[in-house]
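One structure is given here, and the rest of the page talks about it.
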Amino acid sequence: MSLFNIFNVTGSAMSAQSVRLNTTASNLANANSVSSSIDETYRARNPVFATALADAKGDYRGNSLTNQTQAGQAAGVKVLGIVESDDPLQIEYAPNHPMADESGYIYRPNVNTMEEMANMISASRSYQTNVQVADTAKTMTQRLLRLGQG
């Protein structure tokens, strides 16, 4: 694997963690929202990641990561999309609430704030680790170039 592939892999990983952080921030921002119908209620969103084998090999043929790395190819991270959680919404009986429906119920998102905070910490640390890997690769590249001057 070329030393320059490290920058591609860490760049794709940082991009994926950035999507994860933004999705988590959106979930936390909407955690306390209220709606008067199930259809209008915010649902927690989660990114779906995959190993970007197609980018590493040039095409996707179902090759395993082991085969890719043995061939000297790098495999990064790809964001396949963002999906809504299937967890049930929180339904609360509050007949005096201005957003209550005709039956007196309000609907809150299915966002678990503790889980979202753990996701945020994990994504932040993963991002930070990838920054450190890229920085180390940069330092190694600079030292390698200095050897050639010598």
Side-chain angles (χ1 to χ4, degrees), residues 1-71 73-141:
M1 173 169 45
S2 167
L3 190 59
F4 295 109
N5 284 344
I6 293 172
F7 296 111
N8 293 334
V9 172
T10 57
S12 68
M14 286 188 289
S15 177
Q17 294 306 325
S18 179
V19 168
R20 185 175 170 201
L21 280 168
N22 287 334
T23 306
T24 301
S26 176
N27 287 343
L28 287 171
N30 289 291
N32 293 322
S33 63
V34 176
S35 178
S36 60
S37 80
I38 290 176
D39 297 332
E40 295 176 7
T41 306
Y42 180 85
R43 295 177 191 279
R45 292 171 171 84
N46 299 303
V48 177
F49 301 135
T51 305
L53 294 176
D55 294 339
K57 188 74 172 173
D59 64 336
Y60 181 76
R61 295 186 182 155
N63 294 332
S64 69
L65 180 59
T66 306
N67 291 341
Q68 293 295 321
T69 55
Q70 286 176 354
Q73 299 294 320
V77 180
K78 187 175 188 177
V79 179
L80 295 179
I82 297 175
V83 296
E84 288 186 348
S85 174
D86 291 336
D87 292 342
L89 299 174
Q90 299 174 17
I91 302 171
E92 182 180 328
Y93 183 71
N96 295 330
H97 194 282
M99 293 291 292
D101 63 7
E102 59 277 349
S103 302
Y105 290 100
I106 57 172
Y107 303 91
R108 296 184 185 271
N110 55 357
V111 176
N112 181 337
T113 55
M114 296 301 285
E115 187 176 304
E116 295 300 327
M117 290 303 293
N119 278 336
M120 187 172 281
I121 291 168
S122 175
S124 177
R125 287 187 180 162
S126 293
Y127 190 93
Q128 182 180 13
T129 300
N130 281 292
V131 168
Q132 290 172 344
V133 168
D135 188 48
T136 301
K138 181 187 88 171
T139 302
M140 289 173 59
T141 303

**Q17-R20 side chain donor-acceptor pair, cut-off 3.5 Å** = yes

**Fill in**
Residues E116 and L28: closest non-hydrogen pair is CB-CD2, 3.6 Å

**Close side-chain approach of M120 to L21, heavy-atom, < 4.5 Å** = yes

**Request:** Check T10 against A134 and note the closest heavy-atom contact, atom names and distance.
**Result:** OG1-CB, 3.7 Å

**Prompt:** With no hydrogens and no angle check, is any side-chain donor or acceptor of N119 less than 3.5 Å from a backbone partner on T24?
**Reply:** no

**Prompt:** For R43, does its backbone N or O pair with a side-chain atom of R45 as donor and acceptor, under 3.5 Å?
**Reply:** yes

**Message:** I want to check something: taking the side chain as every heavy atom from C-beta on, are I82 and V19 in contact at a cut-off of under 4.5 Å?
**Reply:** yes

**Asked** Between A16 and V77, what is the shortest heavy-atom contact and its length?
**Response** CB-CG1, 3.5 Å

**Request:** Grab the two heavy atoms, one from A31 and one from T113, that are nearest each other, plus how far apart they are.
**Result:** CB-CG2, 3.8 Å

**Request:** Provide the closest heavy-atom pair for A94 versus A100 in the form atom of the first, atom of the second, distance.
**Result:** O-CB, 3.3 Å

**Request:** Kindly compute the distance separating OG (S15) from CG (N130), expressed to the nearest 0.5 Å.
**Result:** 11.0 Å

**Asked** Does the T129 side chain pair with the main chain of R125, one donor and one acceptor, at a distance under 3.5 Å?
**Response** yes

**Prompt:** Any donor-acceptor pair under 3.5 Å linking the side chain of S18 with the backbone of M14?
**Reply:** no

**Asked** Looking only at atom types and distance, does a side-chain atom of T139 sit under 3.5 Å from a main-chain N or O of D135, one as donor and one as acceptor?
**Response** yes

**Request:** Please answer whether the main-chain N or O of A44 pairs with a side-chain N or O of N27 as donor and acceptor at a distance below 3.5 Å.
**Result:** no

**Request:** Would you give the length of the straight line joining atom OH of Y42 to atom CG of N110, rounded to the nearest 0.5 angstrom?
**Result:** 9.0 Å

**Prompt:** Are any of the side-chain heavy atoms of K78 and T51 separated by less than 4.5 Å?
**Reply:** no

**Item:** Any N30 side-chain heavy atom under 4.5 Å of V111 side chain
**Value:** no

**Request:** Determine whether K138 and F7 make a side-chain contact, defined as any pair of heavy atoms from C-beta on separated by less than 4.5 Å.
**Result:** yes

**Prompt:** If only atom types and distance count, is the side chain of S26 paired as donor or acceptor with the main-chain N or O of N22 below 3.5 Å?
**Reply:** no

**Message:** Run the side-chain contact (heavy atoms from CB on, under 4.5 Å) test on T23 and N46 for me, step by step, so that the C-alpha distance in whole Å, both residues' side-chain angles and the decisive distance to 0.1 Å come before the verdict.
**Reply:** CA-CA 7 Å; T23 306; N46 299 303; 5.5 Å; no

**Item:** Within-4.5 Å side-chain heavy-atom neighbours: F49 and V79
**Value:** yes

**Asked** Under 6.0 Å from the CE atom of M99, do we count more than 12 heavy atoms belonging to anything else shown?
**Response** yes

**Request:** Take T136 and I6 through the side-chain contact (heavy atoms from CB on, under 4.5 Å) test and state the conclusion after the steps.
**Result:** CA-CA 10 Å; T136 301; I6 293 172; over 6 Å; no

**Prompt:** About how many Å separate OH of Y105 and OG of S37, when rounded to the nearest 0.5 Å?
**Reply:** 15.5 Å

**Message:** Measuring from atom CD of E40 to atom OG of S33, what distance do you get when rounded to the nearest 0.5 angstrom?
**Reply:** 11.0 Å

**Exercise: identify the closest heavy-atom pair between N32 and R108** = O-NH1, 4.0 Å

